[in-house]
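One structure is given below, encoded as structure tokens.
Each residue takes its place number in the sequence, starting with 1. These values consider heavy atoms only, across backbone and side chains, with no hydrogens, waters or symmetry-generated copies.
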Amino acid sequence: MLLLLKMNDCLRHIDYALGSPTNTLVVAGTYASRALYEQQQTNLNMNLSGTGSDGNAKISLLVSSMHSLSKRWKVWIEHMRVLFRIGLYDISVWLMDEVGFAFIQV
């Protein structure tokens with residue numbers, strides 16, 4: 001963990017020295033969120049199963065499909081909520097830089 005934090009500090013210093021400051025936390029958060037969303041989609045696809053030709057199997061398949069659709073919707077909403085929060089954080093950091101608000105460092 002210490003190595004990760006030190007790497008982030010070094011990258012931030014290089015970004016500012018080169019004149020192109022990028023918020024690496026926003027980039028890392030976006031990619032982590034996307035990876036998590038894709039993994040959850042894969043898990044949902046693996047859980048989908050249903051075979052049979054009788055009426056009860058068709059009804060259970062329909063209920064299973066509706067349940068799967070509900071889960072997919074919840075996963076997508078959660079992913080969008082995380083992306084919104086990351087975007088809000090990025091905008092707030094940009095605004096603080098524009099206004100000149102400086103964090104107090106001890």
Under a single-linkage definition using a 4.5 Å side-chain heavy-atom cutoff for Ile, Leu, Val, Met, Phe, Trp and Tyr, are [X] and [Y] assigned to the same hydrophobic cluster?
X	Y	result
L88	M96	no
W76	L69	no
V75	W73	yes

Mind checking the [atom1]-[atom2] spacing from [X] to [Y]? Nearest 0.5 Å is all I need.
X	Y	atom1	atom2	result
I86	I91	CD1	CD1	12.5 Å
K71	S68	NZ	OG	8.0 Å
K74	I77	NZ	CD1	11.0 Å
L95	D90	CG	CG	10.0 Å

Solution key, residues 31-39 side-chain donor-acceptor pairs under 3.5 Å, sequence neighbours excluded:
| from | atom 1 | to | atom 2 | distance (Å) |
| --- | --- | --- | --- | --- |
| S33 | OG | H79 | ND1 | 3.0 |
| Y37 | OH | Q41 | NE2 | 3.4 |
| Q39 | NE2 | N43 | OD1 | 3.1 |

Please enumerate all residues that pass salt bridge (Lys or Arg N to Asp or Glu O under 4.0 Å) together with E78, with sequence neighbours excluded.
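Expected list: R81.
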
For W94, give me all partners under ring pair (Phe, Tyr, Trp, His ring centres under 6.0 Å), at least two apart in sequence or on another chain.
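With sequence neighbours excluded, W94 shows a ring pair (Phe, Tyr, Trp, His ring centres under 6.0 Å) to no residue whatsoever.
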
